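These notes are about the structure you will find just below.
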Amino acid sequence: MSSSAEAPLGPDGAGRPGGGEPDHARRFALIWGAATVIAVPLVIILIGPLLVPNGSEQAEAQRTIMTVLAVVATPIILLVMLFLLYSIVFFRQQPGAVLEGPAVHGNTKVQGTWIVVTSLIVLGLAAYGTYELEVGWGHGSGNGPNPLTVPSGSKLPVQVIAQQWLFTYRYPTYGVETSELVLPVDKMVELNVTSLDVIHSFWAYTLGVKADANPG
């Protein structure tokens, strides 16, 4: 004996014998994986070059660090945003229905995995960032006048003098002082930053250098 009755619809609207639930975990994992595979190269190729202008070795190193951070953050951002969209599409309450969801008390495996994975990511990035900052002679690490690592070889000293409302640049080697920062190509430069009045912020953006100019 055969029946012509239609199979009941699953929660996603797909016809499934017996109204069984689809494998949401597997489906979402495939969507998330595909989105990650597509998004990560785009971040590296399109967004990475825009993060920091490349005007010095230090700026190039900072760009690399920020690109790595963006690449690591991309799958996490996609996980959160896609799960939100997936939940809205497949787990929304049907029109006209007033139902309470099942009592959920958490999932130990999911919570434990999330804590372990995020902890490893944070600690790994902290170690990587610290190493990269110091291997690049402390660029951007806030080492101040006594950095932990100093490049070897000769350096051109430049005195950066802040005051209201301009910066002046003094070159002791040449006995010259100007209102514009002019640097030689392929030459290591040592910037000594100070202030004549209040605290200023010296930010040579394209060089990847930012330092507080303190009086004295």
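Here the structure is a predicted model, which means the values were calculated and not measured.
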Between [atom1] of [X] and [atom2] of [Y], what distance do you get to the nearest 0.5 Å?
{"X": "Leu51", "Y": "Thr67", "atom1": "CG", "atom2": "OG1", "value": "5.0 Å"}
{"X": "Glu190", "Y": "Leu156", "atom1": "CD", "atom2": "CG", "value": "9.5 Å"}
{"X": "Trp203", "Y": "Phe167", "atom1": "CH2", "atom2": "CZ", "value": "12.5 Å"}
{"X": "Tyr169", "Y": "Asn192", "atom1": "OH", "atom2": "CG", "value": "13.5 Å"}
{"X": "Lys155", "Y": "Thr173", "atom1": "NZ", "atom2": "OG1", "value": "12.0 Å"}
{"X": "Leu166", "Y": "His200", "atom1": "CG", "atom2": "NE2", "value": "9.0 Å"}

Worksheet item: Pick one: which of Leu82, Leu79, Leu78, Ile77 meets side-chain contact (heavy atoms from CB on, under 4.5 Å) with Thr36?
Response: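 Exactly one pass, corresponding to Leu78.
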Discussion item. Using a 6.0 Å cut-off, check whether atom CD of Glu180 has over 12 heavy atoms from anything other than its own residue.
Written reply: no
Worksheet item: Would you say Phe83 has more than 12 foreign heavy atoms packed within less than 6.0 Å of its CZ?
Response: no
For [X] against [Y], the heavy-atom pair lying closest together:
{"X": "Arg63", "Y": "Gly48", "value": "CG-O, 3.6 Å"}
{"X": "Pro172", "Y": "Gln159", "value": "CG-NE2, 4.0 Å"}
{"X": "Ser201", "Y": "Lys210", "value": "OG-NZ, 3.0 Å"}
{"X": "Lys187", "Y": "Ser154", "value": "NZ-OG, 3.3 Å"}
{"X": "Ser195", "Y": "Ala213", "value": "CB-O, 3.4 Å"}
{"X": "Ala59", "Y": "Val52", "value": "O-CG1, 3.8 Å"}

Answer yes if [X] and [Y] sit in the same cluster of Ile, Leu, Val, Met, Phe, Trp and Tyr residues linked by side chain heavy atoms under 4.5 Å apart, and no otherwise.
{"X": "Val37", "Y": "Ile47", "value": "no"}
{"X": "Tyr174", "Y": "Val160", "value": "yes"}
{"X": "Tyr128", "Y": "Met66", "value": "no"}
{"X": "Ile161", "Y": "Val176", "value": "no"}
{"X": "Val117", "Y": "Val68", "value": "yes"}

Item to complete: Please work out whether the ring planes of Phe28 and Trp32 are parallel, tilted or perpendicular, with thresholds of 30° and 60°.
Response: parallel
Practice prompt. Would you check, one step at a time, whether the test side-chain contact (heavy atoms from CB on, under 4.5 Å) holds for Leu181 with Phe202?
Written response: CA-CA 11 Å; Leu181 180 61; Phe202 172 67; 4.2 Å; yes
Worksheet entry | Pairwise side-chain contact, Pro215 with Val198, heavy-atom cut-off 4.5 Å (strictly under) |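 Contact flag for Pro215/Val198 side chains = no.
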Fill in: Step-by-step side-chain contact (heavy atoms from CB on, under 4.5 Å) determination, Val189 to Leu207
CA-CA 11 Å; Val189 178; Leu207 300 180; over 6 Å; no
Worksheet item: Side chain of Tyr171, backbone of Val182: donor and acceptor closer than 3.5 Å?
Response: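 Side chain of Tyr171 to backbone of Val182: a pair is present.
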